[in-house]
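Contents: one structure, followed by commentary.
No hydrogens, no waters, no symmetry mates; every other heavy atom, side chains included, goes into these values.
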Amino acid sequence: MDIAPLSIEGAWEITPRLHGDPRGLFTEWYRFDHLAEAVGHPLDLRQGNLSVSAAGVVRGIHFADVPPGQAKYIMCTRGAVLDVIVDIRVGSPTFGQWQGVELSDANRKAVYISEGLGHGFCALTDDATLTYLCSATYNPGHEHGIHPLDAELGIDWPAEVPQLSERDLKSPSLAEAKDSGLLPDYAACVGYTKSLG
């Protein structure tokens, strides 16, 4: 597999080698040793999630308090999504920037995002199914969101009328979250991930 850093520090795109013939397909979609070599520490797997969405559904932008945060290794096992990583770490050189990666059951790509980054996605097909490997269990008191349609972020969601949850509709803008002290600190996030190595 090829693991390449994205434009936002702490995020990587994983492109697996696909072995196919008339019978079907085989691929290694996750290798703990290859990931640890690329990111500098192993993924301490604590929880696995499955998310199924209709076309046009936008979920996110979600993040967790650091420490411990929640690193995620994400792939699409059915259909396709535009997966979006947002740098919400105050003090980061790419604060407020986002990058999208198309994940699908055709390309079998994955993304890895470190603790402290924001994450969201838009389903491009019905029954788009994402599988997450997470470094921490869900902790509702330490999980937060940024409004995915925040004009300051300017995310180009590929949906005419994005469908959002009540939670995401009520999420603050990036500026509001920053002013309230909700966002993670860049130096603290980098220090925490370095301590994992």
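Listed for the D150 side chain is no donor-acceptor partner under 3.5 Å among the backbone atoms of H147. Of the possible polar contacts, one joining the D126 side chain to the A55 backbone as a donor-acceptor pair under 3.5 Å is found. Distance alone, capped at 3.5 Å, is enough to place a donor-acceptor pair between the T125 side chain and the A80 backbone. With T27 contributing its side chain and R17 its backbone, the two residues share a donor-acceptor pair below 3.5 Å. With hydrogens and angles ignored, the 3.5 Å screen pairs a side-chain donor or acceptor of W157 with a backbone N or O of P148. Side-chain atoms of Q70 do not come within 3.5 Å of backbone N or O of A64 as any donor-acceptor pair. Looking at D83, its side chain never comes within 3.5 Å of a backbone N or O of F121 through a donor-acceptor pair.
V101 and I8 fall within the same hydrophobic cluster, where Ile, Leu, Val, Met, Phe, Trp and Tyr residues are linked whenever their side-chain heavy atoms come under 4.5 Å apart, directly or through other members. Cluster membership check: I14 shares its hydrophobic cluster with M75, using side-chain heavy-atom separations under 4.5 Å among Ile, Leu, Val, Met, Phe, Trp and Tyr. No chain of hydrophobic side-chain contacts below 4.5 Å, direct or via other Ile, Leu, Val, Met, Phe, Trp or Tyr residues, connects W29 to L103. Under the 4.5 Å side-chain heavy-atom criterion for ILVMFWY residues, no single connected hydrophobic cluster contains both V111 and L82. Using a 4.5 Å cut-off between side-chain heavy atoms of Ile, Leu, Val, Met, Phe, Trp and Tyr, with links allowed through other members, L130 and V52 fall into different hydrophobic clusters.
Within the model, atoms CG of N107 and OG1 of T15 stand 7.5 Å from one another, a figure rounded to the nearest 0.5 Å. Between the OG atom of S114 and the NZ atom of K72 there is a distance of 12.5 Å, given to the nearest 0.5 Å. Distance check, rounded to the nearest 0.5 Å: OG of S173 to CD1 of I146 gives 7.5 Å. Here the CD1-CD1 distance, from I61 to I88, works out to 8.5 Å after rounding to the nearest 0.5 Å. With rounding to the nearest 0.5 angstrom, the CZ atom of F32 is 9.5 Å from the NE2 atom of H34. One distance of note links CG of L183 with CD of E176; it measures 11.0 Å at 0.5 Å rounding.
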Exercise for review: Test I3 against Y112 for side chain to side chain contact (heavy atoms under 4.5 Å, CB included), laying out the working first.
Suggested key: CA-CA 9 Å; I3 303 176; Y112 175 78; over 6 Å; no

Exercise for review: Could you walk me through whether H119 and I74 pass the side chain to side chain contact (heavy atoms under 4.5 Å, CB included) test, one step at a time?
Suggested key: CA-CA 10 Å; H119 175 254; I74 305 152; 3.2 Å; yes

Exercise for review: Verify side chain to side chain contact (heavy atoms under 4.5 Å, CB included) between V66 and R89, making sure each step is shown before the conclusion.
Suggested key: CA-CA 10 Å; V66 178; R89 301 166 300 181; over 6 Å; no

Check your understanding: Going through the checks in order, is the side chain to side chain contact (heavy atoms under 4.5 Å, CB included) test met by D65 and H144?
Key -> CA-CA 8 Å; D65 291 337; H144 310 286; 2.8 Å; yes

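L43 places a side-chain heavy atom less than 4.5 Å from the side chain of S135. Taking the side chain as every heavy atom from C-beta outward, I113 and F63 never approach each other to under 4.5 Å. The shortest side-chain heavy-atom distance between R167 and E143 falls under the 4.5 Å cut-off. Using a 4.5 Å cut-off on side-chain heavy atoms (C-beta onward), K178 and V90 make contact. Using a 4.5 Å heavy-atom threshold, the side chains of L25 and R108 count as touching. For the pair L174/F95, a side-chain contact is recorded, criterion being any heavy-atom separation below 4.5 Å from C-beta on. Residues L196 and D44 are not in side-chain contact: their nearest non-hydrogen atoms beyond the backbone lie 4.5 Å or more apart. Side-chain contact between S7 and Q97 is absent, with no heavy-atom pair separated by less than 4.5 Å.
Nearest heavy atoms, Y192 versus P68: CE2-O, 3.2 Å. Nearest approach of K109 to E102, heavy atoms of both residues: CD-O, 4.3 Å. Contact between C122 and A159 at its shortest, heavy atoms only, is SG-CB, 3.9 Å. Residues S53 and A123 approach most closely at CB-CB, 3.8 Å, considering heavy atoms. Between L6 and Q99, the shortest heavy-atom distance links the atoms CB-OE1, 3.2 Å. The minimum heavy-atom distance between Y30 and L35, with the atom names listed, is CE1-CD2, 3.9 Å.
Counting heavy atoms of neighbouring residues, nucleotides and ligands inside a 6.0 Å radius, atom OH of Y138 exceeds 12 of them. Around atom CD of E37, no more than 12 heavy atoms belonging to other residues, nucleotides or ligands sit under 6.0 Å away.
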